[in-house]
Amino acid sequence: AFLLLLGASTLAPLAYGAPSTSPANQIVAPVNESELVALTGSVHPLALPKFDQGLVADGLRMDHLFVVLRRSPDQQSALQKLTAELQNPHSANYHKWLTAEKLGDFGPSQQDIETVVRWLSSHGLEVNLVHKSGITIDVSGTAGQVSEAFHTEIHRYNLKGEQHIANASDPKIPAALAPVVVGVTSLNDFLPKPLVSKLNSGFSFPCTGCPGGFDNVEQYDEAPADFATIYNVAPLYKESKPITGKGQTVAVLEVTDIKASDVTTFRKAFGLSSY
């Protein structure tokens, strides 16, 4: 899976200098598939001919590719100014964080977004979601559909026994879309590697209050009761006005494909269904 999360949580009422007018349309020419431009710099540095194993099957699924859109120069300048104000204690906008929807005020016009969506759909790609920020479109399809839409080939690569897939050349899009479309992330499955490796002694320990099936958890894994003990937050739960975290928002950014069923299983196993 290919995942990029963009967004922010709301921590205070919003009162900021949003654009006073709707964003101008940046796609002004007809979408012509015979007039293409390359999205340069879109080939992974490890997608080298010496590792190339040839084309993948056309039917290979490529789920949750992200087509990234751009703001106009004026929008980008206004957003940078506001971002600075959010961090400035002397500004009236200090800590009045943007929601994803409000971030969308600084994004492409609805007409431009719809034009890109129609173009993607015309190549058989499934548009799963247009993110509320207006900057990212989540699409899925087969390798054949991706190759046809972006005029590139998806190949297999073998690096020291590790199998990967990646685009063999820079993708191309109709020139009319170039003012709005930045690129596609990601057409490959080369994931980031940690710069630091920790040795794991391999031991495990019994988990505090773990239900059946969780009684022998690998090192560093924690159940809710472990967390409460380690960070001594259990007393907060027992105050006359308990501090439990209810109503707070936590954002987690990571390279993974989160399965909602795993979250549901975890919450059910540890009795976390009340919130």
Side-chain angles (χ1 to χ4, degrees), residues 1-8 18-19 21-44 58 60-80 98-154 165-189 253 257:
F2 313 87
L3 181 65
L4 173 65
L5 301 180
L6 300 175
T21 58
S22 299
N25 299 326
Q26 298 183 74
I27 301 175
V28 295
V31 177
N32 186 341
E33 294 286 349
S34 64
E35 298 177 5
L36 302 175
V37 294
L39 302 173
T40 57
S42 299
V43 177
H44 194 279
D58 278 351
L60 177 72
R61 289 292 303 176
M62 298 184 70
D63 291 319
H64 302 296
L65 305 176
F66 285 76
V67 176
V68 182
L69 308 182
R70 77 171 87 242
R71 301 178 179 93
S72 69
D74 287 345
Q75 286 178 313
Q76 187 63 36
S77 177
L79 181 58
Q80 288 176 336
L98 292 173
T99 62
E101 293 90 343
K102 292 299 181 183
L103 190 60
D105 290 344
F106 297 88
S109 70
Q110 186 61 37
Q111 180 174 313
D112 283 349
I113 293 173
E114 290 173 358
T115 298
V116 176
V117 167
R118 283 196 302 272
W119 172 73
L120 292 166
S121 299
S122 73
H123 289 279
L125 295 169
E126 305 161 24
V127 177
N128 303 312
L129 177 70
V130 177
H131 283 259
K132 294 177 181 178
S133 66
I135 290 297
T136 312
I137 303 175
D138 180 329
V139 300
S140 298
T142 65
Q145 290 167 331
V146 170
S147 296
E148 194 267 339
F150 294 103
H151 303 274
T152 186
E153 293 182 346
I154 308 299
I165 65 170
N167 52 303
S169 61
D170 283 327
K172 297 177 181 179
I173 61 171
L177 302 178
V180 170
V181 177
V182 176
V184 187
T185 178
S186 168
L187 294 175
N188 66 75
D189 64 356
L253 304 185
D257 191 6

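Residues: numbered from 1 along the sequence shown. Computed from heavy atoms alone, side chains included, the values below leave out hydrogens, waters and symmetry copies.
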By ring pair (Phe, Tyr, Trp, His ring centres under 6.0 Å), His123 pairs with (sequence neighbours left out) Trp119
(message) If we ignore hydrogens and angles and just use 3.5 Å, is the side chain of Thr185 paired with the main-chain N or O of Phe66 as donor and acceptor?
(response) no
Residues Asn128 and Ser140: closest non-hydrogen pair is ND2-OG, 2.8 Å
Sequence neighbours excluded, the answer for side chain to side chain contact (heavy atoms under 4.5 Å, CB included) partners of Leu129 is His131, Asp138
Contacts satisfying salt bridge (Lys or Arg N to Asp or Glu O under 4.0 Å) that involve residues 108-137 (not counting sequence neighbours) are Arg61-Glu126, Glu101-Lys132
Residue set satisfying side chain to side chain donor-acceptor pair (under 3.5 Å) with Glu35, at least two apart, ordered chain then number -> none
Across all chains, not counting sequence neighbours, the side chain to side chain donor-acceptor pair (under 3.5 Å) partners of Ser34 are Asn32
Report the C-alpha separation of Thr142 and Asp58 in whole Å, then their side-chain angles, then the decisive distance to 0.1 Å, and conclude whether the side-chain contact (heavy atoms from CB on, under 4.5 Å) test is met. CA-CA 6 Å; Thr142 65; Asp58 278 351; 5.8 Å; no
List the atom pairs, with distances to 0.1 Å, where a side-chain N or O of residues 170-181 and a protein N or O form a donor-acceptor pair under 3.5 Å, not counting sequence neighbours.
from: Asp170; atom 1: OD1; to: Gly41; atom 2: N; distance (Å): 3.4
from: Asp170; atom 1: OD1; to: Ser42; atom 2: N; distance (Å): 2.9

Sorted by chain and residue number, the side chain to side chain donor-acceptor pair (under 3.5 Å) partners of Ser121 (sequence neighbours excluded) come out as none
Are any of the side-chain heavy atoms of Phe150 and Leu36 separated by less than 4.5 Å? no
Discussion item. Show, in sequence, the C-alpha distance, side-chain angles and deciding distance for Ile27 and Val116, and conclude whether the side-chain contact (heavy atoms from CB on, under 4.5 Å) test is met.
Written reply: CA-CA 9 Å; Ile27 301 175; Val116 176; 4.0 Å; yes
Sorted by chain and residue number, the side chain to side chain donor-acceptor pair (under 3.5 Å) partners of Ser147 (sequence neighbours excluded) come out as none
| request: Quick one: list whatever passes side chain to side chain contact (heavy atoms under 4.5 Å, CB included) with Arg71, sequence neighbours left out. | output: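 Checked Arg71 against side chain to side chain contact (heavy atoms under 4.5 Å, CB included); matches are Gln75, Gln76, Leu79, Leu103, Phe106, Ile135.
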